[in-house]
Protein chains: 2
Amino acid sequence: MNISEVSGKFGLTPDTLRYYEKIGLIPPVNRTAGGVRAYSEHDLNWIDFVMCMRNAGLSIEVLQNYLKLFEQGDSSLQERKEILIEQRQVLAEKIRALQDTVERLDHKIEGYNGQLLEAEHELQNKMVKK
Amino acid sequence: MNISEVSGKFGLTPDTLRYYEKIGLIPPVNRTAGGVRAYSEHDLNWIDFVMCMRNAGLSIEVLQNYLKLFEQGDSSLQERKEILIEQRQVLAEKIRALQDTVERLDHKIEGYNGQLLEAEHELQNKMVKK
DNA sequence: CTAATACTTGGAGTGGACTCCAAGTCAAGG
DNA sequence: CCTTGACTTGGAGTCCACTCCAAGTATTAG
């Protein structure tokens with residue numbers, strides 16, 4: 001798979017894909033004889049993982065570190081696992097905060113329903129008076 | 001309440017508070033004779049609301065728009081409510097995405113548990129052979 | 001009354017994460 | 001063989017949301 005195919009598949013621009021590789025968010029992609037990137041299944045998995053984590057708000061730094069450890073092989077298994085556990089906690093906390101915010105919005109929306117109802121009644125009163 | 005008190009209360013720098021006012025994220029704050037900001041209860045409520053929404057990821061633009069409508073009075077009730085409902089949907093969707101990501105992390109963490117166990121067994125095998 | 005502190009404004013600078021560009025290389029269709 | 005279009009690199013530019021600064025004014029403790 002070449003870069004524009006991958007770009008289409010994931011909705012990332014070729015620039016972003018090259019950028020991710022350059023800064024070490026995804027492993028170096030193998031090239032054809034001519035130096036053109038040929039993405040493997042393994043590469044696609046990484047891209048998918050990284051996009052998922054980026055979308056969830058993980059920083060580039062954390063993911064760079066994770067890849068670096070991955071490339072060090074089995075000796076980093078424990079450390080990698082700990083990173084994932086830590087980030088999992090962060091996300092769980094984020095979910096809780098978002099749920100609170102949704103509740104707050106719900107209250108506010110309820111308040112608007114009340115106000116709109118009031119406004120409607122007022123309108124009816126006026127019409128009755130007329 | 002003056003700006004540094006508010007700053008302390010919310011963990012925002014005075015700069016950020018002034019910035020939020022300047023760009024219309026919170027209503028203009030009343031001033032003392034000397035031109036010093038004196039934050040009212042009303043202002044504090046707005047700041048709290050805005051921070052909550054910013055933390056949840058709402059853009060400054062959406063909140064500017066919401067304040068603008070608020071300042072137009074009751075005629076914008078319906079429109080404001082719709083903004084809140086829309087943003088509520090966005091957050092609900094975000095929560096769902098985060099939950100999926102947490103699940104994915106859980107699977108990955110489980111995978112690491114397996115690998116670490118394997119590595120441990122291997123180690124034991126070696127020791128037995130010795 | 002004065003020194004120190006906190007406030008004001010407008011504008012420049014920063015950091016993260018892209019995003020775009022210039023200049024050059026390479027491969028495939030006509 | 002030549003043109004077209006995708007690829008390469010390194011580096012500059014952009015956008016968002018602050019964050020900091022300079023220069024000046026106001027308030028407060030002593």
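None of these values were measured; they are calculated from a predicted model.
- Rounded to an integer number of Å, the gap from A:L17 CG to C:dA17 C1' is 14 Å.
- Hydrophobic clustering of Ile, Leu, Val, Met, Phe, Trp and Tyr side chains at less than 4.5 Å, counting indirect connections, keeps B:L12 apart from B:V36.
- Side-chain contact between B:E71 and B:P28 is present, with heavy atoms from C-beta onward closer than 4.5 Å.
- The side-chain heavy atoms of A:V6 and A:L44, taken from C-beta on, include a pair separated by under 4.5 Å.
- The aromatic ring centres of B:F49 and B:Y66 sit less than 6.0 Å apart.
- Between B:E110 and B:N113, the closest side-chain pair of non-hydrogen atoms falls below 4.5 Å.
- Computed from coordinates, the B:M51 CE to D:dA17 P distance equals 15 Å when rounded to whole Å.
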Annotated protein contacts, base or backbone, on nucleotides 1-7 of chain C with a non-hydrogen cut-off under 4.0 Å, one of B, S, - each
------S
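- Across B:L25 and B:I60, no two heavy atoms sit closer than the pair CD1-O, 3.6 Å.
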Can you tabulate the close N/O pairs, meaning under 3.5 Å, that link protein atoms to atoms of nucleotides 18-20 of chain D?
unit_1, atom_1, unit_2, atom_2, d
D:dC18, OP2, B:Y20, OH, 3.1
D:dC18, OP2, B:R54, NE, 3.1
D:dC18, OP2, B:R54, NH2, 3.0
D:dC20, N4, B:D15, OD1, 3.2

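- C:dC18 atom P lies 13 Å from atom CD1 of A:I47, rounded to whole Å.
- Looking only at side-chain heavy atoms (C-beta outward), B:E93 and B:V90 stay at 4.5 Å or farther from each other.
- Distance A:I23 CD1 to C:dG16 P: 11 Å, rounded to the nearest Å.
- Heavy-atom nearest nucleotides on DNA chain D were determined for B:S59 and for B:T32, and the one closer to the 5' end corresponds to B:S59.
- Between the C1' atom of D:dT8 and the CZ atom of A:R31 lies a distance of 8 Å, rounded to the nearest Å.
- Taking the side chain as every heavy atom from C-beta outward, B:E82 and B:Q78 approach each other to under 4.5 Å.
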